[in-house]
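Report on one structure; see the data block that follows.
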Amino acid sequence: MTLTLKNLAKSSLVALLVLFANITLAQDGTIYPLEAPEEPNAILLGTGGVDNQPASESWFRQWGDPMARNITTATLTPFLPEPGKANGAAVIVAPGGGFRWLSMGNEGWEVAQALADQGIAAFVLKYRLHPTPESLEDFSAWMNRPRTPAPPSSSDASTEATPPRPPQLDLSNQLEDAEAAYAMILDRAEEWGVDTDRIGMIGFSAGAGLTMHSTLNSESMKLAFIGPIYGGMGPVDVPADAPPMFCVIASDDFLFRGQFGVIDSWYKAGIPVEFHLYQNGGHGFGLGNPNRTSNRWFDAFIHWLDVNKFLTAN
């Protein structure tokens, strides 16, 4: 049936309104309720629940991205390469969210799919979280609360002031989840086409913190490489058997603050480290935001894996 000019104009207007609404939603920092999406490939890790957690897992959308909070049951979701494309490498992907929520799309599923497209078996770790207010309204108010400003830097130019470390959260649940994910990949390595000598972990923001925490504290995880992406930059005590590290942050990220401590720690320990400090990108850019220099970090990461022979069998 041929559309009249009037109907065609109306159809075009509706399409433009839908497109505008989608763009607005993607740019909107407002927190919207979201029905929990289906996760048909998620595998229970069986690590237990969360103490003193009265609320159930719930989801919301912010900046156009699906996010989960009050997670009490950890899962692992495989993103496997197409048959014939797998190179045997594997990566555990830990989304961020301050250990209070998880940015499942931007820092989880999208990254895992990009890795799978490169022949790398990727596994999104949906780890347990610390409790947040049960109602979305109270959670939004908590998220928008005034933050304490960072302490001013020292005016004495002769002393190099190191910003104090924030109080450390109890990450025992999160470490247990990461260790269970690693153990599951080892157990099902043949099924998933994984070379157990080439299992790495990358994380974003709090997920970068969990990646680092796992590297420094786990007695069961033997990671081949790590990639903390816009995580904390303070110095750490590096184990003698620590893996090579690929680290990314933008200079306009509030977590940077001119620190290079973790890079210096890795370098002084004599362990391979690659560091990318991008001019801009802010915090939480995932695979990248438009018109930011940080958008190329994923290509650099794949190149780093390739040069270091993590993409080829020994």
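Any value given below was found using the heavy atoms of this structure, including those in side chains, with hydrogens, waters and symmetry copies removed. Worth saying up front: this structure is predicted, and the values here are computed from it rather than measured.
- For Phe60 and Phe139, the ring centers sit closer than 6.0 Å to each other.
- Shortest non-hydrogen contact noted between Gly281 and Ala250 is N-CB, 3.8 Å.
- Residues Gln53 and Leu129 fail the side-chain proximity criterion, which asks for heavy atoms closer than 4.5 Å.
- The environment of CD in Gln113 is crowded: more than 12 heavy-atom neighbours from other residues, nucleotides or ligands sit within 6.0 Å.
- A distance-only check finds no donor-acceptor pair linking the side chain of Trp101 to the backbone of Thr132 [under 3.5 Å].
- In terms of hydrophobic clustering, with Ile, Leu, Val, Met, Phe, Trp and Tyr side chains grouped at heavy-atom distances under 4.5 Å, Leu169 and Tyr127 are assigned to a common cluster.
- Not counting sequence neighbours, the partners of Glu176 by the salt bridge (Lys or Arg N to Asp or Glu O under 4.0 Å) test are Arg128.
- Within a 6.0 Å radius of CZ in Arg296, no more than 12 heavy atoms belonging to other residues, nucleotides or ligands are found.
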Verdict with supporting geometry, Arg61 and Glu35, salt bridge (Lys or Arg N to Asp or Glu O under 4.0 Å): CA-CA 9 Å; Arg61 187 179 293 277; Glu35 186 176 343; over 6 Å; no
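- For OH of Tyr267, the number of neighbouring non-hydrogen atoms (other residues, nucleotides, ligands) closer than 6.0 Å is 12 at most.
- A donor-acceptor pair is defined here as one N or O able to donate and one able to accept, closer than 3.5 Å; such a pair exists between the side chain of Ser294 and the backbone of Asn280.
- At least one donor-acceptor pair under 3.5 Å links the side chain of Gln62 to the backbone N or O of Gly29.
- For Phe285 and Tyr230, the distance between ring centers is under 6.0 angstrom.
- Looking only at distances, a side-chain donor or acceptor of Tyr182 sits under 3.5 Å from a matching main-chain atom of Lys222.
- At least one side-chain heavy atom of Val91 sits under 4.5 Å from a side-chain heavy atom of Val93.
- Taking the six-membered ring for Trp, Phe123 and Trp192 have ring centres closer than 6.0 Å.
- For the pair Glu191 and Arg188, the salt-bridge criterion is met [side-chain N within less than 4.0 Å of a carboxylate O].
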Show, in sequence, the C-alpha distance, side-chain angles and deciding distance for Glu107 and Asp65, and conclude whether the side-chain contact (heavy atoms from CB on, under 4.5 Å) test is met. CA-CA 9 Å; Glu107 297 172 350; Asp65 191 45; over 6 Å; no
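- Across every non-hydrogen atom of Ala181 and Leu76, the tightest pair is CB-CD1, 3.8 Å.
- Heavy-atom contacts from other residues, nucleotides or ligands closer than 6.0 Å to NZ of Lys309 number 12 or fewer.
- Aromatic ring centres of His276 and Phe301: separated by at least 6.0 Å.
- Relative orientation of the Trp304 and Phe310 rings is tilted, given thresholds of 30° and 60° on the angle between their planes.
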